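In this text, all values refer to a predicted model and were calculated from it rather than measured experimentally. Below, each value reflects all heavy atoms present in this structure, side chains not excepted, and no hydrogens, waters or symmetry copies. Numbers restart at 1 for each chain; the letters A, B, ... are given by sequence-line order, proteins then strands.
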Amino acid sequence: MIKARLTLFRLSAATMPYLGSEDTVRELRRALCNPNVQSDQLRYRNAILKVIRAMSQGVDVSGLFSEMVKACATVDIVQKKLVYVFLCSYATLNPELSLLVINTLRKDCQDPNPMVRSLALRNMTNLRLPSLVEYVEQPLTAGLKDRAASVRRVAVLGWAKLHNLQTNSEIDAAVVNELYSLLRDPDPVVMVNCLRALEEILKEEGGVAINKPITHHLLNRLKECDIWGQCEVLRTLQRYRPQSEDELFDILSLLDASLVSPHPPVMAATLSLFLSLCPGVPAVSQAALERVRGPLLATCGSVSREMRFTALCHIQLLLRSLPGLMGAHYKRFFCGYAEPAYIKQRKMQVLVELVNDDNVAMLLDELRGYCTDVNTDTAQAAISALVSSCVILCGLGAGHIGRSYSDRCLEILIGLLGLKQEHITSAVVQTMRDLVWVCPQCSDTVCLAVEGCEETLQDGQGRQALLWLLGVYGERVSSAPYTLEVFIDGVRCEASLGVKMELLTASMRLFLCRPAEMQDMLGRLLHYCIEEETDICVRDQALLYYRLLHCGIEETRKVLQGRRSDPSLGVLIGRPAEPISQWACSFNTLEPLRQGAMETESASRGSPEHVTFDPKRNNDPSDTLNCGHDEEALHSGSDSAIVRTDSTADVLGSSLTVPLSLSVSPALSPEEFELLWLQPQVLHTEQGPEKMKADKDCVCVEEHVRCPEILHCSPQSLQAAMQLVNIQTLAFTPPHALPLRVYLYTHTQRARVAVTPHSTLILGELLYTGEGNQKVGQVDGGVVVVEGREDEQMKEGEQATADGLSGRDTGRTDREQDGVKVTLKQHPRDENALKGFLSILTTVLHTLSSESD
Amino acid sequence: MISQVFILSSKGDHLIYKDFRGEAGSDVVSIFYEMVTALTGDQPPVVMVTPCSHKDLHFVHVRQGGLYWVATTTADSSPFTVVEFLNRLTALVKDYCGTLSEKSVQMNFALIYELLDEVVDYGYVQTTSSDVLKNFIQTEAVSSRPFSLFDLSNVGLFGAETQQNKVAPSSASARPIQSSREQGGKSEIFVDVIERMSVVIGSNGVLMKADVQGEIRVKCYMPSCSEMRIGLNEEFSIGKSQLRGYGAAVRVDECSFHQAVRLDEFDSHRILRLCPSQGEQTVMQYQLSDNLPSAPPFRLFPTIERDNGGRLLMYMKLRCDLPPKTLSQELSSPDQSAELKPQSRAVVWEIPRFPGGTQLSALFKLDVPGLSSASMLEVGPVGLSFELPKITATGLQVRFLRLSPVQPGPSQRWVRYVTHSDSYTIRV
C-alpha cells in the first residue's frame with residue numbers, strides 16, 4: 001500500500017510541469033487539504049514547498065490562498081516563513097481573506113521568541129493592504145520599544161511601509177519623534193533604518209533634518225555600521241552644509257579612512273560626500289580624487305567584471321577634470337585576454353586619454369594588438385582609438401616626438417589595410433577620412449595608402465569614405481580615375497543611395513582637377529543618373545551638377561571645392577579640463593554607466609562636410625517653408641543694432657511664455673561633438689524611414705553678431721561667462737590668434753504645455769576673422785550658407801544657380817564688418833529654443849565686449 | 001534602494017522572484033530577459049533601462065554560475081552598492097548551498113527566499129554577515145553534489161593514513177556552511193592565498209606589464225572559534241620604502257584589510273588577528289605592479305611561418321620557469337589535446353599537467369584559404385590560462401595559523417596557495 005502510494009506520488013511530481021496550471025493547482029490543493037498530510041509536519045511542509053516552487057516558476061496559484069492561510073497557524077518556523085512568502089505575494093488579490101491572517105500575526109507578535117516576533121511584524125507590513133492598517137499600528141508601536149534589536153529594525157522600516165501605503169494620511173508626530181529618538185539606538189542597523197524610514201516619511205519636507213548634532217552623531221557612529229549602513233549614512237549626509245571651515249575640515253579628516261576603504265561602495269559614497277561638502281574648495285576635491293585613485297584602480301582589477309566596468313565608467317568621469325590623474329598607471333587599462341568586449345572598449349577609451357610622451361610607444365603597440373581582435377566591434381573600436389590617439393599626437397605635433405609617433409600611428413593603420421579583412425579595411429578607411437579632416441598634414445600618407453583597397457571594401461559606409469577621399473585628394477592619388485571607373489561601371493547594380501551620391505560628388509571633384517581622364521566617365525555617370533536612375537535624390541543631384549557645369553568651370557569649382565579643413569584646427573584638440581562640479585552630481589549614480597550605451601547608438605559616421613543635400617526636406621514643403629521663414633527672421637534680427645535689440649526683446653518675450661533653460665549635462669565629449677558637428681544629414685537615408693524622420697529634426701543656422709572687442713577678452717573669461725549661462729565651451733584657439741574660433745554646446749530644456757520637457761542639443765562655432773573678414777566671408781559663404789537655404793533653392797527649381805547664391809552673399813558681406821560669425825546646429829529642430837539660445841548668446845557676447853572696453 | 005530581486009537561468013527560466021516594494025509588477029522579469037538577450041555581445045549589460053514607454057526601470061545585473069542575478073532600482077542609486085550587493089548575495093547563496101548553479105538554486109529555493117527575506121527589508125540591505133544570518137536561517141540546504149567515486153579515494157587501506165589524506169581535496173570547501181551541524185562537528189578552517197596575475201609579454205620577450213592582485217580568503221566551518229591568528233612572512237613589506245628582515249623581501253604596493261581584522265601585532269610581527277565568522281570572507285587584499293620578485297612562470301618561443309603549400313606553421317615552445325619538483329616523473333603529458341575553434345578563430349591547446357622546469361613544444365599546421373604574407377600580422381596574441389597550485393607570485397606565505405582557544409576534538413586547518421591567470425598574454 002505504501003509503496004503504491006509512493007509511486008503515485010513520484011509520478012505526479014514528475015509530470016507536474018507538463019500539466020496545465022489548473023491541474024497543478026487542483027493537485028496542490030488536494031495535497032494541502034489531505035488530513036494525513038496536515039498531521040505529518042514534514043509532508044505538510046513539502047506540500048507547501050511545492051506551492052512556492054510553482055509560484056516562483058510563474059504558475060498562478062492564488063486560488064490556494066485559503067488553504068495557505070490555514071497552514072499559517074503552525075509552530076514550525078520554516079513552514080511559517082514559506083507561507084508568508086506566499087501570502088505576501090497574493091494578499092493584494094484577496095484582501096478579505098487576508099483579514100484571517102492578521103489574527104495569527106498579531107498573536108505571533110506576542111511570542112516570547114524574538115525571531116517569531118520580527119517575522120510576524122515584517123510580514124504584517126509586507127501584506128501591503130491599506131485596509132489592515134488599523135490592525136498593524138498597535139503592534140508596530142509596541143515593536144519600536146521591543147527588547148530585541150531585530151524586532152526594532154523591522155518595526156522602524158514598518159512605519160515607512162505604512163506611510164507609503166497611504167501617503168496622503170497625516171503622519172503621527174509622536175511616531176516621527178520616536179523615530180528621531182531611535183537614531184540614538186545602540187543597534188547600528190536600527191539607527192540606519194531610522195534614517196531610511198524618516199527619509200521616506202518626510203519626503204515632502206525634504207527628508208530627515210540634517211543638523212549639526214545629528215551629523216556629528218552619525219559620523220561618530222559610522223564605524224559601527226557595516227558597509228551598507230555606512231553608504232546610507234554617507235549618502236544622507238550629502239545634504240549637510242558645515243557651518244565653518246574648521247568644522248568642514250574636521251569632518252573631512254574623520255572621513256579620510258573611508259575614502260580609501262577597500263569596499264568600493266563605501267569609497268564611492270565617501271568621495272561623493274566630499275564633492276558635495278566642499279564644492280567651493282577645488283583644492284580639496286582635487287586632493288580627494290587623487291587619494292581615491294588607488295582604491296579605484298584596485299576596483300578596476302576586481303574579480304567581478306561588473307564591478308570592473310562600474311569602476312572604469314567612473315574613472316572616465318574623473319579624467320574629465322583631471323586628465324593627468326591616471327597617466328602613470330596606464331598599464332592597468334591594458335585589456336585582458338578574456339575580458340568581455342564592453343570592458344575592452346571602455347579601457348581603450350581610457351587608454352586614448354592617457355597618451356603622453358612617456359607611454360606613447362607602449363600604448364600604440366598595445367592598441368595595435370587589439371585591432372585584430374576576433375570581435376569585429378572591438379577591432380573597429382581599437383582602430384578608432386588608434387586614430388584618436390594619432391589626432392592627439394598631431395595636436396602635440398609641434399614637437400619632434402609627436403610628429404614621429406603620429407607617423408608610427410599611420411604606419412600601423414596602413415599595415416592593417418594589408419590584412420585585406422573586410423571589416424578592418426572599412427574601419428580604417430572611415431577613420432582615415434576623419435583623420436585627414438582634422439590633421440591635414442597626414443594627407444600625403446593617406447593618399448598613398450588608399451590605393452587599391454577598393455577591392456576589399458564591401459559595406460556602404462566604407463565605400464562612401466573611400467569615395468570622399470578620392471574626390472578630395474584625387475589629384476594626388478594616381479589611380480583615382482581608374483578606381484572611380486570601376487564604381488561608375490557598376491553604378492547600375494549599386495544598392496546604396498549614399499554611395500551613389502558620394503560617387504557623383506567625387507566624380508565632379510576629380511573632374512575639376514583631372515578633366516582629361518574624367519570627362520568621358522563623368523558624362524556616362526551623369527547620363528545614367530539623369531536618364532535611368534529611379535531615385536529622385538540621386539537624379540536631382542545629378543541634374544544640379546549638370547546645370548552647374550553649364551554655368552562654367554569657375555562657378556562649379558566655387559560650389560564644389562567645399563570646406564577644406566585648416567591646420568589651425570589641430571590646436572583645438574587640447575581640451576580644457578572641466579570643473580569637477582560638472583559631473584559631481586552624477587558620480588556614484590547609474591548615469592555614467594548608461595552613457596556608454598547611448599554613445600554606441602549615436603556612433604554613425606558621415607563625411608566631414610555638408611556637400612550633399614537632405615532629400616527629405618524636399619518631400620516636405622511645409623518644413624522647408626518654416627525653415628526659410630525662421631532664417632529670415634534671424635537675419636532681419638541681425639541687420640542693425642536697433643532692430644536686433646527689438647527682436648531680442650521679442651524673443652525674450654516669447655521665451656517667457658515657454659520658459660527655456662539651458663544645461664550642460666549630459667556632457668558631450670569632444671569626440672562626440674566632432675562627430676555630430678561634422679555629420680551631414682544625408683547619410684542616414686539608406687537606413688529606413690524611421691531614421692529619416694529623426695533626421696528631419698536637425699537644423700543648421702548661421703548668424704552674425706556684432707561685437708568687435710571679442711578678440712581682447714581672454715578665452716578663460718569667455719569660458720567662464722559662457723558657463724554662467726550653462727553653455728559649455730569645448731575648445732578654442734589660443735588667445736589673440738586670428739582667426740579666433742570657439743566651439744561650444746548646450747542642451748535646451750523647454751517645458752511645453754502639458755507635454756514632457758522637450759530638450760534639444762545645440763552645437764555652435766564662433767568665428768572671428770578680424771579685418772580679413774570680407775574675403776573669408778565670400779569664400780566660406782559659397783557653400784556653407786545655411787542648410788535650409790540650399791534645400792529651399794533646390795526646391796524652388798532649377799534656375800537657382802550659383803550666381804544667385806553668390807549674389808545674395810556679396811550683399812550680406814557688407815554688413816558683416818567686424819562681426820562674429822555664429823554657426824549653430826540643433827538636434828532636434830525647435831525654432832523657438834534656437835531663437836532663445838541665440839539671444840542668450842548674443843547677450844553674453846555683448847556683455848563681454850562691453851566689459852573689455 | 002532595491003525594488004525587486006530575481007534570479008533567472010541562462011535560458012530565461014524564473015528561479016527566484018522577490019518584490020520588496022511592490023512598485024512594479026512581475027512582468028519586468030520577461031522585459032529584462034528580452035532586453036538582455038537582444039543585446040549584442042559588445043554592449044555593456046550591467047545597467048539597462050527600459051524604453052520610456054514603461055515606468056523607467058533600471059536593471060542592474062551580474063552573471064555568476066551561469067545565472068542572471070538581477071536587481072531593479074532607481075536611477076540615483078549607487079552602482080557600486082548594487083553590484084556589490086548582488087555579488088555578496090551570490091557569495092551567500094554559495095556559502096549556504098555549497099555550489100552555485102541552476103540546479104543548486106532550484107533545489108534550495110526555499111532557503112534563498114529565506115535568505116533574501118533576512119538580507120533585504122523594504123529594499124534596504126539589512127545585513128549580509130553570515131554570523132548574524134546564521135541565527136535566522138532555519139531551512140537546511142539540500143546538497144546537489146552527485147555521488148562520486150573520488151570521495152572514496154581518500155579512505156586508506158585498512159584505515160592507514162595515506163599521502164593523499166594529508167591534502168585537502170579541492171572540492172572540500174565547496175559545501176554548505178551548515179552541514180557541520182549534521183556531520184557531527186567536523187570543524188575545518190581553510191585559509192586560501194589566492195593571487196591573480198595579469199601579464200603582457202611583448203613579441204621580443206620583454207615583460208611589458210605584470211600585475212598581481214592577491215587576497216587571503218578564510219573559509220570557516222567551525223562552530224565556535226573565538227580568535228584566529230595568521231602569521232605572514234616576517235619580511236612582508238608594503239610600499240616601496242620599507243625593507244624588513246634579511247631574507248628576500250616580499251613586497252606589495254598596496255594592502256587593505258577586512259574591517260574585522262585587528263592589526264595590533266601586524267607592524268611588529270606581521271600577524272593578523274581576527275574572529276572568523278561562518279562561511280567565506282576576504283581578510284586581506286593586496287596588489288603588486290610591475291616589479292615581480294621572480295620571473296614570469298611561463299615563456300613562449302613561437303615560430304610562425306608559411307610553408308610552400310600555403311599552410312600556416314606555428315611552432316610553439318612553451319617553457320615553465322617554476323622550480324622543479326623533486327619528484328617529477330612525467331615529462332611528457334600524454335593527455336594533451338589541441339582543437340581548432342572556428343567560432344573564435346583560435347587554436348586551443350590544453351595541457352593537463354605541466355611540471356616546473358620542463359619544456360613542451362607543439363607544431364600546429366593550419367590550412368588557411370588565401371593566406372598572404374600580411375595575414376601573418378593577424379596571428380596572435382597567445383593567451384594562457386592556468387592555475388598554479390602551491391605557488392604565490394609575490395612570495396607571500398602563511399607562517400602559522402593558530403586558533404584560540406584550542407579546539408576540542410579533531411579540527412583541521414588547511415592553508416592553500418594558488419595563483420590564477422587573470423590574463424596572461426604573450427604577443428607573437
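- A salt bridge between B:Asp121 and A:Arg153 is absent, with no side-chain N of the basic residue lying under 4.0 Å from a carboxylate O of the acidic one.
- Considering only heavy atoms from C-beta on, A:Glu306 stays 4.5 Å or farther from B:Gln64 through its side chain.
- Rounding to the nearest 0.5 Å places OH of B:Tyr122 at 3.5 Å from CG of A:Asn164.
- Only the side chain of A:Arg128 comes within contact range of chain B, with heavy atoms under 4.5 Å apart.
- Considering only heavy atoms from C-beta on, A:Val85 stays 4.5 Å or farther from B:Asp117 through its side chain.
- Using a 4.5 Å heavy-atom threshold, the side chains of B:Tyr124 and A:Val192 count as separate.
- For A:Ser302, the part lying near chain B is the backbone, with the side chain staying farther off; criterion is any non-hydrogen pair under 4.5 Å.
- When heavy atoms are compared at a cutoff of 4.5 Å, A:Lys161 approaches chain B by way of both its backbone and its side chain.
- Looking at B:Tyr17 and A:Ser89, their side chains never come closer than 4.5 Å, going by heavy atoms from C-beta outward.
- The candidate from B:Arg63, B:Met1, B:Lys18 with the greatest count of non-hydrogen atom pairs under 4.5 Å with chain A is B:Arg63.
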For this session: I would like to know whether A:Arg332 and B:Asp211 meet side-chain contact (heavy atoms from CB on, under 4.5 Å); could you show each step before the answer?
Result: CA-CA 8 Å; A:Arg332 293 291 189 91; B:Asp211 270 1; 3.1 Å; yes
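- If you take CD on B:Glu118 and CG on A:Leu119, they are separated by 7.5 Å, rounding to the nearest 0.5 Å.
- Counting heavy-atom pairs closer than 4.5 Å to chain A, the top residue among B:His258, B:His14, B:Gln106, B:Glu215 is B:His14.
- Top candidate by heavy-atom pairs under 4.5 Å with chain A, chosen from B:Ser256, B:Gly383, B:Ser129, is B:Gly383.
- For the atom pair B:Arg427 CZ and A:Glu366 CD, the distance stands at 4.0 Å (nearest 0.5 Å).
- Annotation: maximal heavy-atom pairing with chain B below 4.5 Å, among A:Thr299, A:Leu157, A:Ile343, A:Thr372, occurs at A:Leu157.
- When every heavy atom of B:Val83 is checked against every heavy atom of A:Met307, the shortest pair comes out as CG1-N, 3.9 Å.
- Shown here for A:Pro295 and B:Glu254, the closest heavy-atom pair between the two residues is N-OE1, 4.4 Å.
- Taking the six-membered ring for Trp and the full ring otherwise, the centers of A:His314 and B:Phe80 sit less than 6.0 Å from each other.
- Between A:Asn588 and B:Pro79, some side-chain heavy-atom pair lies under the 4.5 Å cut-off.
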Exercise. Would A:Met362 and B:Lys209 count as a side-chain contact (heavy atoms from CB on, under 4.5 Å) if you check the C-alpha gap in whole Å, the side-chain angles of each, and the deciding distance to 0.1 Å?
Worked result: CA-CA 10 Å; A:Met362 205 76 161; B:Lys209 169 201 170 175; 5.9 Å; no
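- Heavy-atom minimum distance, B:Gln213 versus A:Ala298: OE1-O, 4.0 Å.
- Only the side chain of A:Arg368 has a heavy atom closer than 4.5 Å to any heavy atom of chain B.
- Contact annotation for B:Phe6: neither backbone nor side-chain heavy atoms come within less than 4.5 Å of a heavy atom of chain A.
- The part of B:Phe109 that comes within reach of chain A is its side chain, from C-beta onward, which places non-hydrogen atoms under 4.5 angstrom from that chain.
- Using a 4.5 Å cut-off between heavy atoms, B:Arg88 contacts chain A through its side chain alone, with no backbone atom that close.
- Put simply, CG on B:Leu15 and CZ on A:Arg53 are 10.5 Å apart, with the number rounded to the nearest 0.5 Å.
- For A:Leu82, the part sitting under 4.5 Å from any heavy atom of chain B is the side chain, from C-beta outward, and nothing else.
- With a threshold of 4.5 angstrom between heavy atoms, B:Val125 approaches chain A through its backbone and through its side chain.
- Take A:Arg235 and apply the side chain to side chain contact (heavy atoms under 4.5 Å, CB included) test, not counting sequence neighbours, and it matches B:Asp76, B:Ser78.
- Only the side chain of A:Tyr370 comes within contact range of chain B, judged by heavy atoms closer than 4.5 Å.
- Atom CZ of A:Arg122 and atom CD of B:Gln126 lie 8.0 Å apart (nearest 0.5 Å).
- In this structure, chain B has heavy atoms under 4.5 Å from both the backbone and the side chain of A:Ile52.
- B:Gln259 and A:Ile227 get closest at one heavy-atom pair: OE1-CG2, 4.4 Å.
- Checking side-chain atoms of A:Lys81 against main-chain N and O of B:Ile137 turns up no donor-acceptor pair under 3.5 Å.
- If you measure heavy-atom distances from A:Glu200 to chain B, the contacts under 4.5 Å come from the side chain alone.
- With a 4.5 Å cut-off on non-hydrogen atoms, A:Ala160 touches chain B through its backbone and its side chain both.
- Between the side chain of B:Arg196 and the backbone N or O of A:Gly301 there is at least one donor-acceptor pair closer than 3.5 Å.
- Neither the backbone nor the side chain of A:Ala338 comes within contact range of chain B, judged by heavy atoms closer than 4.5 Å.
- Across B:Glu84 and A:Pro264, no two heavy atoms sit closer than the pair OE1-CD, 4.2 Å.
- Looking at B:Thr73, only its side chain comes within 4.5 Å of chain A, counting heavy atoms on both sides.
- Remark: the backbone N or O of B:Ala75 is not paired with any side-chain donor or acceptor of A:Glu591 at under 3.5 angstrom.
- Going from atom OG of B:Ser423 over to atom CZ of A:Phe334 covers 11.0 Å, rounded to the nearest 0.5 Å.
- Neither the backbone nor the side chain of A:Glu199 comes within contact range of chain B; no heavy atom of the residue lies under 4.5 Å from a heavy atom of that chain.
- Ranked by heavy-atom pairs under 4.5 Å with chain A, the list B:Val62, B:Thr425, B:Leu86, B:Asp422 is led by B:Val62.
- For A:Trp228 and B:Thr81, the side-chain atoms include no donor-acceptor pair closer than 3.5 Å.
- In this structure, the portions of A:Val303 lying under 4.5 Å from any heavy atom of chain B include both its backbone and its side chain.
- Looking at B:Asp19, both its backbone and its side chain come within 4.5 Å of chain A, counting heavy atoms on both sides.
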